[in-house]
Number of protein chains: 2
Amino acid sequence: MNKTETLDTHLGIAAVERDTGLPKDTLRVWERRYGFPQPSRDAHGERLYPREQVDKLRLIRRLLDQGKRPSKIVTASTDELTRMLGEERNDITNAAPGAAQEALLPLLRGHNSPEVRAVLQQILLKQGLQRFVADTVAPLNVAVGDAWLRGEIDVPGEHLYTEQIHNLLRSAIGARTGPLGHPRILLTTFPNEQHSLGLLMVEAMLTPEGAHCVSLGTQTPLADICNTAAAGSFDIVALSFSAAFPARQAVDSLNELRRLLPPRIAVWAGGAAMRGQERKLPDVRVLASLDQTVEALAEWRRAHA
Amino acid sequence: MNKTETLDTHLGIAAVERDTGLPKDTLRVWERRYGFPQPSRDAHGERLYPREQVDKLRLIRRLLDQGKRPSKIVTASTDELTRMLGEERNDITNAAPGAAQEALLPLLRGHNSPEVRAVLQQILLKQGLQRFVADTVAPLNVAVGDAWLRGEIDVPGEHLYTEQIHNLLRSAIGARTGPLGHPRILLTTFPNEQHSLGLLMVEAMLTPEGAHCVSLGTQTPLADICNTAAAGSFDIVALSFSAAFPARQAVDSLNELRRLLPPRIAVWAGGAAMRGQERKLPDVRVLASLDQTVEALAEWRRAHA
DNA sequence: GATGCGAATTGTCCAGGACAAATACGATGA
DNA sequence: TCATCGTATTTGTCCTGGACAATTCGCATC
């Protein structure tokens with residue numbers, strides 16, 4: 001009672017959903033509307049997707065994440081798709097030259113985890129935790145994400161990077177001793193946001209400043225955030241949003257959260273999805289960069305001296 | 001174009017799939033056949049599941065994972081279900097009476113993060129990393145999961161627990177110095193498996209033994225696992241499965257992975273979803289407990305001496 | 001440039017039927 | 001009593017084709 005892989009070269013619809021992240025319903029409706037994908041059928045009329053079509057679906061998925069529209073890309077040829085992906089590369093690579101990434105990307109491609117760790121560790125020691133996070137990790141995240149997008153590193157390479165950064169930051173934060181004071185800051189993300197690296201980076205920026213950060217991890221329901229913030233006598237609730245998070249939903253949820261929380265608790269929001277949303281969030285402190293977290297902390301302390 | 005949560009008390013079918021792990025098709029066919037769940041409808045005829053029915057579905061999911069048959073449990077009352085679950089629980093709770101959990105659960109209810117951390121840290125120091133993971137963290141995971149299921153702790157409480165364990169284990173693993181030798185072990189999970197705690201626990205068991213663990217984090221596609229394992233000259237690929245992971249899918253994917261990898265690379269699989277799957281996995285080393293990871297490592301070394 | 005509004009696009013849901021894999025059950029033989 | 005085998009039931013997943021609301025586009029207006 002279980003389909004998934006049928007032959008080596010053909011996958012069932014469930015397997016394709018798993019591999020590409022495109023829901024079954026979407027795969028069927030694309031076939032109906034655009035004529036692609038066009039899977040063959042087994043003896044019972046069930047769809048069997050050839051590997052090449054699955055590969056193309058993965059390309060489409062990448063472009064979709066970049067904001068392209070399905071009608072423009074689903075019907076395009078594989079060549080056109082790879083060309084489009086190539087164009088994206090230029091825009092971004094120019095924008096973020098970066099220094100460490102040139103050393104790191106080849107290591108990630110080779111899955112050389114000890115070296116990756118060593119290189120990062122060395123930079124961390126030289127720069128100190130806060131500069132490391134703001135000046136190295138933040139641009140590296142962009143560079144690694146881009147490299148993945150244009151296929152220069154694979155999923156394991158990206159995982160390896162994330163994993164090592166996690167390790168490093170957690171150890172560094174954990175190594176800090178001394179009393180934790182004020183303000184008390186609650187860190188988390190909304191449901192549907194799975195990226196925890198942003199939270200960790202904020203924690204790494206604020207803990208050395210003597211703030212008392214408590215991270216709830218990712219995906220905390222709105223109502224639970226409110227209860228915890230109130231019950232734990234927190235001063236600030238800080239939310240993190242990756243680029244993948246729909247901005248509209250973020251704005252709505254943030255305003256709702258602001259409405260539910262007592263006014264004495266501040267709401268901070270940061271991350272890629274927050275770009276240009278300041279106007280729509282009158283009572284939320286939008287943090288455009290990691291350095292602004294430190295600024296915001298200083299402001300809060302001045303206001304509550 | 002995004003449904004999920006509609007009101008606080010009612011969830012759309014996609015949200016229920018996400019929360020319970022039961023596919024949309026299954027939810028609909030149960031409704032047709034057994035009359036449960038019986039969601040209300042919104043203005044457009046779309047299903048809206050009340051929270052209590054979702055809770056009951058979670059209970060059902062648990063019992064299903066234990067091998068109960070749907071026809072016996074889908075129509076049963078919530079009371080009967082909790083009773084059934086209670087019977088099962090006795091087996092487990094008796095086996096691991098647990099000392100820490102009585103101290104910890106109230107702290108989690110109160111979101112008292114400094115105390116949670118302090119208590120765990122103390123136990124870790126007393127027991128050492130490996131005993132801590134096997135004897136304390138493992139039963140605690142079950143206890144916390146159950147407490148959440150029964151509504152005794154809330155989402156932030158659970159997050160807080162996970163977060164603190166993560167911090168502790170990462171620091172402890174990171175603190176280890178000395179050369180890392182053989183075997184080289186690749187740790188990860190399949191797509192759809194988001195729980196990273198299991199990976200970290202395995203890493204904590206094996207690193208003190210001198211094994212060279214590399215974790216790719218969660219959700220690595222099958223093909224990528226194969227490539228990395230081969231390219232990085234790994235000796236063992238270890239996969240972790242939480243109770244929420246569908247056992248059938250796990251078995252299929254594992255056998256597929258086993259087929260794709262060269263025979264010299266061993267495949268290990270552990271976690272709650274692996275209970276009783278040994279027969280179906282002839283060429284995979286199924287780890288029923290954390291202590292078995294150490295045993296398996298010793299075996300591997302004997303065989304490759 | 002920013003804002004507003006109709007039109008096109010697009011993802012997700014629905015119903016109800018079908019079927020094969022998994023499992024239970026009963027009969028048979030050691 | 002226990003193992004094996006064939007049949008009946010259970011159960012998850014897939015199918016078609018229709019529908020519709022949320023999002024985005026294109027264009028006109030302020």
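The figures that follow rest on heavy atoms only: side chains count, while hydrogens, waters and symmetry mates do not. Here is the naming used below: chain letters follow the sequence lines, and residue numbers restart at 1 for every chain.
Among the atoms of the strands shown, base atoms are found under 4.0 Å from some heavy atom of Arg33(A). Using a 4.0 Å heavy-atom cutoff across all strands shown, Arg47(A) reaches sugar-phosphate atoms only and no base atom.
In the displayed structure, Glu299(A) atom CD is contacted under 6.0 Å by more than 12 heavy atoms of other residues, nucleotides or ligands.
In this model, the phosphate group of dA8(C) is not approached by any side-chain N or O of Ser71(A) to a distance below 4.0 Å at OP1 or OP2. Distances shown here put a side-chain N or O of Lys24(B) below 4.0 Å from the OP1 or OP2 atom of dC13(C). For the OP1/OP2 pair of dT9(C) and a distance below 4.0 Å, the side-chain nitrogens and oxygens of Tyr34(A) include no atom meeting the criterion. Listed pair Thr26(B) / dT11(D) fails the phosphate criterion, with no side-chain N or O lying under 4.0 Å from OP1 or OP2. Between Arg32(B) and dT13(D) there is no side-chain polar atom (N or O) within less than 4.0 angstrom of OP1 or OP2.
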Decide side-chain hydrogen bond (donor to acceptor under 3.5 Å, both in side chains) for His159(A) and Thr188(B); before the verdict, give the C-alpha distance in whole Å, the side-chain angles of both, and the deciding distance to 0.1 Å. CA-CA 9 Å; His159(A) 280 187; Thr188(B) 190; 4.8 Å; no

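Here the P atom of nucleotide dA19(D) and the CZ atom of Arg41(B) are 17 Å apart, to the nearest Å. Across the protein-nucleic acid pair, Leu63(B) atom CG and dT11(D) atom P stand 14 Å apart, rounded to whole Å. Whole-Å rounding puts the Leu48(B) CG to dT12(C) P distance at 17 Å. Following rounding to the nearest Å, Lys68(B) (NZ) and dA24(C) (P) show an atom-to-atom distance of 12 Å. Note: CD (Glu17(B)) to P (dT13(D)) measures 10 Å, nearest angstrom.
Positionally, the nearest nucleotide of DNA chain C for Arg69(A) lies more toward the 5' end than for the other of His44(A) and Arg69(A).
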